[in-house]
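Each remark here refers to the structure printed beneath this line.
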Amino acid sequence: KPERAHHCRVCKRCVLKMDHHCPWVLNCVGQDNYKFFVLFIFYTSVHCIFILASLIPLYLRSPDDTYAHQAQVVGMVIAGVFGFALVVFTITHARLILLNRTTIEDHSTPYEEGMLPCIRKGWTKCEGEVNQGNERLYDMGYRQNWEQCMGKGWKAIIPVRFPRPEGPIYNQAVVARQWRDYNQQTEARRQQQQQQSTAVDSTAVGTARSTPIEQEMYHRSPSLGDQPRGEGSATV
């Protein structure tokens with residue numbers, strides 16, 4: 001399984017850099033559509049705020065007993081509820097982008113770390129910090145994290161694709177660390193196998209050396225048939 005990939009039980013497939021399964025868009029949010037999802041909730045929240053701000057003056061000027069007044073109340077309630085929820089979602093995903101995390105990875109982070117450790121501690125101290133045994137491997141700084149997910153410059157705010165490197169490699173430091181760990185584990189297994197083979201050879205040599213002596217001692221020991229007969233013993 002590629003790194004940061006997860007299997008979706010709803011879609012029945014593996015998704016690269018899976019963030020979550022969204023029932024509102026009826027699809028998984030992952031590597032190829034995460035930017036479009038973030039722009040979708042951002043522009044929808046802006047639209048809800050615009051509707052709420054536009055309806056408030058009309059509500060104050062219209063009479064209370066008209067159909068327009070009732071429709072404005074319903075519109076403000078819907079815009080306010082959806083706008084509040086989408087603003088919270090937008091802020092949450094903006095935080096995840098700055099930390100270069102997915103929602104699944106963020107759930108395994110301890111709460112003691114705080115909402116934005118990059119601001120509280122600084123990017124240098126946060127990068128590579130151990131979280132429940134898993135290092136924050138993909139944090140490359142807020143600018144590179146943002147550009148990796150949303151793109152560079154003005155293209156980050158419009159729904160266009162941008163070229164990305166082939167293969168699910170999100171940080172070259174991750175690949176280097178994984179190869180270093182693999183080489184260390186391979187060397188440790190090789191040394192362990194060498195020590196086991198040396199111990200087996202030593203045991204075999206010791207057994208080979210002791211076998212002739214044991215055989216000689218066995219042959220020199222008197223058997224029942226070789227016991228000396230006494231003078232008074234009768235012969236049959």
Side-chain angles (χ1 to χ4, degrees), residues 4-111 113-120 138 142-164:
R4 308 185 82 175
H6 296 275
H7 182 78
C8 179
R9 294 177 294 180
V10 180
C11 297
K12 305 297 182 183
R13 62 174 179 170
C14 284
V15 182
L16 291 176
K17 196 182 177 183
M18 180 177 176
D19 188 86
H20 67 286
H21 181 86
C22 182
W24 297 99
V25 298
L26 298 177
N27 198 1
C28 283
V29 178
Q31 171 69 50
D32 295 328
N33 60 351
Y34 183 70
K35 174 184 177 180
F36 303 102
F37 172 78
V38 173
L39 292 178
F40 167 71
I41 61 176
F42 170 71
Y43 286 127
T44 308
S45 62
V46 172
H47 183 63
C48 290
I49 294 173
F50 175 77
I51 293 175
L52 182 62
S54 301
L55 288 177
I56 290 177
L58 297 176
Y59 170 78
L60 296 177
R61 289 198 302 264
S62 61
D64 297 343
D65 55 349
T66 60
Y67 174 78
H69 180 82
Q70 298 175 0
Q72 292 164 4
V73 172
V74 175
M76 286 190 297
V77 171
I78 295 176
V81 172
F82 279 93
F84 176 78
L86 290 171
V87 166
V88 173
F89 288 162
T90 304
I91 295 175
T92 301
H93 284 282
R95 167 184 170 269
L96 294 176
I97 292 174
L98 293 178
L99 295 177
N100 202 340
R101 267 194 216 145
T102 63
T103 303
I104 297 176
E105 295 169 353
D106 192 59
H107 286 170
S108 62
T109 304
Y111 294 102
E113 186 185 60
M115 289 293 293
L116 282 175
C118 53
I119 298 177
R120 179 167 53 90
Y138 310 106
Y142 72 96
R143 182 173 182 178
Q144 295 185 14
N145 293 341
W146 178 267
E147 291 178 352
Q148 185 185 85
C149 179
M150 305 297 292
K152 296 182 180 181
W154 59 271
K155 294 183 179 179
I157 61 174
I158 59 176
V160 295
R161 293 185 180 273
F162 55 91
R164 59 183 176 88

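Computation of the quantities below employed the complete heavy-atom set of this structure, encompassing side-chain atoms and omitting hydrogens, waters and symmetry-equivalent molecules.
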*Measure from the ring center of Y34 to the ring center of H93 and say whether it is less than 6.0 Å.*
yes
*Got a donor-acceptor contact below 3.5 angstrom from the K35 side chain to the M150 backbone?*
yes
*Say you draw a straight line from CZ of R4 to CD of E105; how long is it, rounded to the nearest 0.5 Å?*
4.0 Å
*Identify the heavy atoms of L52 and G80 that sit nearest to each other, and give their distance.*
CD2-CA, 4.3 Å
_What's the separation between atom CD1 in I157 and atom NZ in K155, rounded to the nearest 0.5 Å?_
12.5 Å
*Please name the pair of heavy atoms, one in T44 and one in F40, separated by the smallest distance, quoted to 0.1 Å.*
OG1-O, 2.5 Å
_Heavy-atom closest contact (C11 atom, N27 atom, distance)_ = SG-OD1, 4.4 Å
*Could you check if a side-chain atom of L98 sits within less than 4.5 angstrom of a side-chain atom of N145, using non-hydrogen atoms only?*
no
*asked:* Below 30° counts as parallel, above 60° as perpendicular, anything between as tilted: where do the rings of Y59 and H69 land?
replied: parallel
*Drop me the distance from I158's CD1 to Y43's OH, to the nearest 0.5 angstrom.*
8.0 Å
*May I ask you to test the I49-V87 pair for a side-chain heavy-atom distance under 4.5 Å?*
yes
*Which heavy-atom pair separates C48 from L86 by the least distance, and what is that distance?*
SG-CD1, 4.3 Å
*If every non-hydrogen atom of H21 is compared with every non-hydrogen atom of C8, which pair is closest and at what distance?*
ND1-SG, 3.6 Å
*How long is the span from the OG atom in S54 to the CD atom in Q72, to the nearest 0.5 Å?*
11.0 Å
*Could you check whether the rings of F50 and H47 sit parallel, tilted or perpendicular, using 30° and 60° as the cut-offs?*
parallel
*Let me see the working for H20 and C22 under side chain to side chain contact (heavy atoms under 4.5 Å, CB included), right down to the final yes or no.*
CA-CA 6 Å; H20 67 286; C22 182; 3.7 Å; yes
*Dump the intermediate steps for side chain to side chain contact (heavy atoms under 4.5 Å, CB included) on R95 and R101, then the final yes or no.*
CA-CA 9 Å; R95 167 184 170 269; R101 267 194 216 145; 3.6 Å; yes
*Roughly how far, to the nearest 0.5 Å, is the CZ atom of F89 from the CZ atom of F37?*
7.5 Å
_Pairwise distance OG1(T102) to CG(L96) - rounded to 0.5 angstrom_ = 7.5 Å
